[in-house]
**Student:** 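The structure is given below, and queries will be raised subsequently.
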2 protein chains.
Amino acid sequence: MQSFLSQIESALAKNETIVIGCSCEITYSGRAEAFLQLGDRLIIIKSDKALLVHQPTGNAPINYMKPDSSHSIIQQDSAVWIKSKNLPLKEYLDVCIHAIHFVSSHPLKDGQKLELVGSEKDMSEMIYKNPSLIDPDFKSVSMEEQTKYGFIDVFGTDRNGNIVIVECKRYCADLGAVTQLRRYVERIKEIKNTDKVRGIIAAPKITPNADKMLKDWGFEFRAVSPPKYLERYRKDQKRLDGF
Amino acid sequence: MQSFLSQIESALAKNETIVIGCSCEITYSGRAEAFLQLGDRLIIIKSDKALLVHQPTGNAPINYMKPDSSHSIIQQDSAVWIKSKNLPLKEYLDVCIHAIHFVSSHPLKDGQKLELVGSEKDMSEMIYKNPSLIDPDFKSVSMEEQTKYGFIDVFGTDRNGNIVIVECKRYCADLGAVTQLRRYVERIKEIKNTDKVRGIIAAPKITPNADKMLKDWGFEFRAVSPPKYLERYRKDQKRLDGF
DNA sequence: GGGGAGAGATGCCGC
DNA sequence: GCGGCATTTCTCCCC
């Protein structure tokens, strides 16, 4: 226990990334208040002083502190406490550790950013460059058109002199997507003082209720999926490899 | 390296939670496609077979696989590969490890759930039980009222025979909150065949544009903050302790 | 399992 | 810094 303690203190001082496997209770106070009863967790303190608490299942942390928090470690009777504070955000988190299973620490260095393809932004670009994905007579004019009430993914016209507003969703369009589209259409009608505005949702699919709302307001749906260039590349690779 | 390998293989077989500190490259293919250049990261494999990749900074994982994925570890030349698959979700993630800094593993057990106070739900309940927070003559009728176009946080009436719809936000109400409220108000007007419907946003604050939109549609704003009982308790404690 | 919406959301970009 | 919004969102609840 004592050697774990000094390892953690030393690693904190050296700004290393620290992982602690332990049995603990957790109290949080800040934007909300929370308590987590005794159980086994991973405590991670990163080199930017973010703290994460992960249970042995699930994707998301069960508790956390944002970067630039401060952490102190204290032994009290048979327990070890990690006390974390973020004074600017008025956030506090206390870990009461009953048993430590392991401690690992190392000075990790990483400045890389994720290169990602298939986002909504990529979808907008694809549609902007290939307007026929929306309609044979759709002509794209701009992307990310700014409005007081938000920005429009793809903005264009059709041959009947309508303004066309396209809202992209990378997965399944929902009620929120339709109200978002409606907000833009109404705003553009107001600004341009015209009723000749079409609203289109471009997404792989749409929920039934959202589709009903869409039709009720005279908007349209186009089945479009986000581009995934790397997947295509990978498939080509497989083909070349004889798969 | 070889002892790390066998430790990881053994821990995988025993369903332990594993943490690997390493220098690696990562490729992901699934809902989108991504690549992450060489850098130092934490690889976490949980006992439910979720996999997380964390950089030494930031709150969120940079890459991940959902629970119930399968993971295999392979040595090839001087590199170690972790190959993760989730066939039902058609997701794939490969970690190419150039150097391992440390490996920790342990059979973590935890069935606890977070007890949290201060959510939007708590806010709805507070308003439901203390309707005067909204208006002296507001009477609450129900919570989570179901609508085809979504469910309403707090539903009630006033003394002028209006139906009152309250949408709660625990932080700052935005344009989405207003369009959400509008959707409910319009739906209730339609169902009840009446125009006597008031819409109210209850939140600590509201963005300027959202406030403008709110006023444009004749809705109202009430400054209400979510309850934080534990914080009050803690303050009382401090007072007792002489702080 | 899908729909709907919150989250102590986080993170990104633009003004 | 705030505003607006996507996210490989994740998670929960309810049908």
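Just so it is clear, the structure is predicted and the values come from calculations on it, not from any experiment. Throughout, a chain's letter reflects where its sequence line sits, starting with A, and its residues are numbered from 1.
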**Student:** If you measure from the Lys or Arg side-chain nitrogens to the Asp or Glu carboxylate oxygens, is any gap between B/Asp68 and B/Lys49 under 4.0 Å?
**Tutor:**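 Between B/Lys49 and B/Asp68 there is no salt bridge, as every charged N stays at least 4.0 Å from the carboxylate O atoms.
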**Student:** Please pick, from C/dG8, D/dT9, D/dC5, the nucleotide with the shortest atom-to-atom distance to any side-chain atom of B/Arg31.
**Tutor:** D/dT9
**Student:** Can you tell me the distance, in whole Å, between the CG atom of A/Asn63 and the P atom of C/dT10?
**Tutor:**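 Atom-to-atom, A/Asn63 to C/dT10, this comes out as 12 Å.
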**Student:** Rounded to the Å, how far apart are B/Asp122 CG and D/dC12 P?
**Tutor:**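 It works out to 16 Å between those atoms.
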**Student:** Counting distance only, does the side-chain N/O of B/Ser140 pair as donor-acceptor with the main-chain N or O of B/Pro131 below 3.5 Å?
**Tutor:**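 It does not hold such a pair.
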**Student:** Would you indicate which nucleotide in D/dC5, C/dT10, C/dG3 comes nearest to any side-chain atom of A/Pro208?
**Tutor:** C/dG3
**Student:** Return the 5'-most residue of the pair B/Gly118, A/Ile206 with respect to DNA chain C, ranking by each residue's nearest nucleotide.
**Tutor:** A/Ile206
**Student:** Atom CG of A/Leu36 and atom P of C/dG8: how far apart are they, to the nearest Å?
**Tutor:**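 Computing the A/Leu36:CG to C/dG8:P distance gives 13 Å.
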**Student:** Please report, rounded to the nearest Å, how far the P atom of C/dG8 is from the CZ atom of A/Phe35.
**Tutor:** 17 Å
**Student:** Taking 5.5 Å and 30° as the limits, would you call B/Tyr28 and the base of D/dT8 a stacked pair?
**Tutor:**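 According to the criterion (under 5.5 Å, under 30°), yes, B/Tyr28 stacks.
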**Student:** Under 4.0 Å between a Lys/Arg side-chain N and an Asp/Glu carboxylate O for B/Arg170 and B/Asp122?
**Tutor:**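 No salt bridge links B/Arg170 with B/Asp122.
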**Student:** Any base atoms under 4.0 Å from A/Gly58, or only sugar-phosphate, or nothing? Heavy atoms, all strands.
**Tutor:** sugar-phosphate
**Student:** Among C/dA7, D/dA6, C/dG8, which nucleotide has an atom closest to any side-chain atom of B/Ser119?
**Tutor:**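 Per side-chain heavy atoms of B/Ser119, the pick is C/dA7.
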**Student:** For B/Phe155, which of B/Val164, B/Val166, B/Ile163 qualifies under side-chain contact (heavy atoms from CB on, under 4.5 Å)?
**Tutor:**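 Checked B/Val164, B/Val166, B/Ile163 against B/Phe155; only one passes side-chain contact (heavy atoms from CB on, under 4.5 Å): B/Ile163.
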**Student:** Between D/dG4 and A/Gln180, is there an OP1 or OP2 to side-chain N/O distance shorter than 4.0 Å?
**Tutor:**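 The answer is no; no side-chain N or O of A/Gln180 sits under 4.0 Å from OP1 or OP2.
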**Student:** Given C/dG4, D/dA6, D/dG4, which nucleotide is nearest the side-chain atoms of A/Asn209?
**Tutor:**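 The nucleotide sitting nearest to the side chain is C/dG4.
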**Student:** Rounded to whole Å, please give me the gap between CG in A/Asp174 and C1' in C/dA5.
**Tutor:** 9 Å
**Student:** Please round to the nearest 0.5 Å and tell me the distance separating atom NZ of B/Lys109 and atom OG of A/Ser23.
**Tutor:**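 Between B/Lys109 NZ and A/Ser23 OG, I get 12.5 Å after rounding to 0.5 Å.
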**Student:** For D/dT8 versus D/dG4, give the span between their P atoms, rounded off to a whole number of Å.
**Tutor:** 22 Å
**Student:** Would you write out the dot-bracket form of DNA chain C, 5' to 3', with Watson-Crick and G-U pairs under 3.5 Å, [ ] for crossing pairs, | for pairs to other strands and . for unpaired bases?
**Tutor:** |||||||.|||||||
**Student:** At what distance, to the nearest 0.5 angstrom, does CG of A/Leu12 lie from NE2 of A/His71?
**Tutor:**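 Answer rounded to 0.5 Å: 7.0 Å.
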**Student:** Between A/Glu186 and A/Lys189, is a salt bridge (Lys or Arg N to Asp or Glu O under 4.0 Å) present by the stated rule, with each step listed?
**Tutor:** CA-CA 5 Å; A/Glu186 290 185 342; A/Lys189 281 182 177 174; over 6 Å; no
**Student:** Within the structure, does a side-chain N or O atom of B/Tyr64 lie under 4.0 Å from either OP1 or OP2 of C/dT10?
**Tutor:**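 No, no such contact exists.
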**Student:** For A/Leu175 and for B/Ala60, find the nucleotide of DNA chain C with the closest heavy atom, then tell me which residue's nucleotide is more 5'.
**Tutor:** A/Leu175
**Student:** Respond yes when some side-chain nitrogen or oxygen of A/Lys121 is under 4.0 Å from OP1 or OP2 of D/dA6, and no when none is.
**Tutor:**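 No, A/Lys121 has no side-chain N/O under 4.0 Å of OP1/OP2 on D/dA6.
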**Student:** Above 12 or not: heavy atoms from other molecules or residues under 6.0 Å from OH of A/Tyr171?
**Tutor:** no
**Student:** Check whether any side-chain nitrogen or oxygen of A/Lys169 sits under 4.0 Å from OP1 or OP2 of D/dA6, and answer yes or no.
**Tutor:**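 Answer yes for this pair, as a side-chain N or O of A/Lys169 is under 4.0 Å from OP1 or OP2.
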**Student:** Using a 4.0 Å heavy-atom cut-off, does A/Ile62 contact any base of the nucleic acid, only the sugar-phosphate backbone, or nothing at all?
**Tutor:** nothing
**Student:** Heavy atoms under 4.0 Å, any strand shown: does A/Tyr171 hit a base, just sugar-phosphate, or nothing?
**Tutor:** nothing
**Student:** In this structure, how many angstroms lie between the C1' atom of D/dT9 and the CG atom of A/Leu114, rounded?
**Tutor:** 14 Å
**Student:** What distance separates A/Lys113 NZ from B/Ile62 CD1, expressed to the nearest 0.5 Å?
**Tutor:** 9.5 Å
**Student:** How many whole angstroms separate atom CG of A/Leu52 from atom C1' of D/dC10?
**Tutor:**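 A/Leu52 atom CG is separated from D/dC10 atom C1' by 15 Å.
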**Student:** Pairs under 3.5 angstrom, nitrogen or oxygen only, protein versus nucleotides 12-15 of chain C, please.
**Tutor:**
none

**Student:** If we take the C1' atom in both C/dG8 and D/dC14, what is their distance in whole Å?
**Tutor:**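 After rounding to an integer number of Å, I get 24 Å for this pair.
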**Student:** Please report the interatomic distance CG(A/Leu133) to CE(A/Met126), rounded to the nearest 0.5 Å.
**Tutor:** 5.5 Å
**Student:** Any side-chain N or O of B/Thr207 under 4.0 Å from OP1/OP2 of D/dG4?
**Tutor:** yes
**Student:** Output the rounded distance in Å from NZ (B/Lys212) to C1' (D/dG4).
**Tutor:** 16 Å
**Student:** Among the candidates D/dC10, C/dA5, D/dT7, find the nucleotide nearest to the side-chain atoms of A/Arg170.
**Tutor:** D/dT7
**Student:** Could you state the interatomic distance from CD1 (A/Ile97) to CG (A/Leu38), rounded to the nearest 0.5 Å?
**Tutor:** 11.0 Å
**Student:** In Å and rounded to the nearest 0.5 Å, what is the CZ to CG distance from B/Arg198 to B/Leu181?
**Tutor:** 11.5 Å
**Student:** Under 4.0 Å from OP1 or OP2 of D/dC10: is there any side-chain N or O of B/Lys66 that close?
**Tutor:** yes
**Student:** Nearest heavy atom decides the nucleotide; on that basis, is A/Arg183 or B/Glu91 closer to the 5' end of DNA chain D?
**Tutor:** A/Arg183
**Student:** Go through the N and O atoms of the side chain of A/Asn59 and the base of D/dT9, and report whether any donor-acceptor pair is under 3.5 Å.
**Tutor:**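 Flag unset: no donor-acceptor pair detected.
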